[in-house]
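Report on one structure; see the data block that follows.
All values below were derived from every heavy atom in this structure, side-chain atoms included, with hydrogens, water molecules and symmetry-related copies excluded. Counting starts at 1 for both ligands and their atoms, in listed order.
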Amino acid sequence: MEEEDDCPELVPIDSQPGLPARQIPVTIITGYLGAGKTTLLNYILTEQHNKRIAVILNEFGEGSALEKSLAVSQAGELYEEWLELRNGCLCCSVKDNGLKAIENLMEKKGKFDYILLETTGLADPGAVASMFWVDAELGSDVYLDGIVTVIDAKYGLQQLKEEKAEGLVNEASRQVALADLAIINKTDLVEEEELNQVRNTVRSINGLVKILETQRSRVDLCDVLDLHSFDCQDGAKLTEKLQLVTPTRPHLDKSILTATFEVTGDLCEDALNTFIQDLLWEKKFCNKAGEPMSVIRLKGIVSFAGKVHQVMLQGVHELYELNETPQLWEENPHTNRLVFIGKNLDKNILQEIFISTVVMDGVKKAGV
Ligand SMILES: Nc1nc2c(ncn2[C@@H]2O[C@H](COP(=O)(O)OP(=O)(O)OP(=O)(O)O)[C@@H](O)[C@H]2O)c(=O)[nH]1
Ligand SMILES: [Zn+2]
């Protein structure tokens with residue numbers, strides 16, 4: 001560990017010989033303009049914790065300047081690292097350079113225990129999330145722990161219901177769709193009735209998200225940090241959570257909703273890959289009105305023929321991953337549980353295609 005004058009109480013994190021260097025969790029904090037993201041960051045930084053937290057303020061996705069800075073504050077000091085954005089494709093350049101910048105910083109300033117990344121109000125957290133998620137596999141120093149969105153109790157409803165041209169999803173809804181935790185902040189400014197409406201709307205978009213209500217973004221740190229929302233530790237929790245999900249009804253015709261289904265039987269791995277790729281990449285599946293289904297977030301626990309462990313499915317936008325978990329199948333027959341959050345989703349159509357193309361012959365029986 002490097003010497004740092006201003007951080008005397010650091011917990012050494014690389015000092016255990018023989019153990020691989022620990023990966024550093026990244027929590028992405030999203031939320032509409034003025035919802036309380038910075039208030040949340042400041043609150044986390046001042047709460048008691050033994051972590052050395054680096055805060056990154058993300059300017060990605062704004063304007064077309066060729067260079068963007070990445071501001072990192074740590075122990076009260078602000079560092080800046082420049083990102084070079086090579087061509088027009090912002091998310092590709094962000095993917096390469098954002099991580100590189102973080103790695104450079106850690107080389108210069110010593111390792112962090114935790115990274116909080118505040119995105120700007122209008123940013124699509126999907127691009128930022130994928131940069132940490134994909135690279136985690138490539139032996140990166142950091143991994144995506146969770147996506148938190150802060151919602152303004154007073155203006156949130158209006159922001160979630162805003163209609164965009166050409167049926168585009170508004171930013172606030174997109175942020176809720178991707179979130180693992182939704183913090184409805186500024187509850188001091190609304191009556192119970194208004195708060196109910198915000199809560200119900202958030203729930204109608206994302207049937208899985210954990211919802212907290214706060215003033216001044218005051219949260220229990222263990223509700224925000226170390227969520228492990230994208231790795232196998234989530235697998236066991238997911239099975240429980242999925243059983244509690246109530247299918248949601250859209251608050252607007254075109255809005256995002258959560259569709260879930262359970263199907264028993266073992267799956268063919270290749271067929272599942274094709275199903276997911278047709279859904280995420282080819283946008284081959286349409287609802288009854290002929291509009292293509294569009295998935296923003298995807299999760300599931302599935303059973304592959306011949307595998308004794310549960311396999312976890314995770315997807316963000318066009319990226320997805322299938323990972324075998326340590327969890328053995330206990331129930332028999334095995335129940336595959338899937339959750340889709342997105343637009344134009346028709347649960348029945350999805351389930352029918354899934355059963356007819358992915359479930360192995362002989363056990364094609366739909367569950368609940
Ligand atoms: N009444 C009330 N005001 C709050 C609460 N939390 C934060 N605020 C205020 O709301 C304003 C915006 O808070 P920020 O934390 O800066 O919000 P932000 O999401 O970081 O804003 P941007 O970075 O501009 O998108 C500030 O003036 C805060 O003091 C709350 O619970 N109640
Ligand atoms: Zn802010």
Worksheet item: Are any non-hydrogen side-chain atoms of Ile341 and Val295 less than 4.5 angstrom apart?
Response: no

Discussion item. With heavy-atom distances below 4.5 Å as the criterion, would you say the side chains of Ile53 and Leu45 are in contact?
Written reply: yes

Close N or O approach ([X], ligand 1; < 3.5 Å):
X	result
Arg216	yes
Lys37	yes
Gly36	yes

Quick one: do the [X] and [Y] side chains pair a donor with an acceptor below 3.5 Å?
X	Y	answer
Ser303	Asn336	no
Ser356	Glu352	no
Ser173	Asn170	yes
Asn196	Arg199	yes

Identify, by atom number and element, the atoms of ligand 1 in contact range of [X], meaning under 4.0 Å from any of its heavy atoms.
X	result
Glu118	20 (O), 23 (O)
Leu33	25 (O)
Thr38	15 (O), 16 (O), 18 (P), 20 (O), 23 (O)

Practice prompt. Please list, chain by chain and in numerical order, all residues satisfying ring-ring contact (aromatic ring centres under 6.0 Å, His included) with Phe275, sequence neighbours excluded.
Written response: Phe285, Phe354

Worksheet item: With a 4.0 Å heavy-atom cut-off (strictly under), which part of Leu189 contacts ligand 1: side chain, backbone, both or neither?
Response: side chain

Worksheet item: Nearest non-hydrogen atom to atom 24 (O) of ligand 1 belongs to which of Ala35, Gly34, Ser217, Ala153?
Response: Gly34

Response to the item:
Ranking Val150, Asn185, Asp188, Leu41 by closest non-hydrogen atom to atom 32 (N) of ligand 1, top hit is Asp188

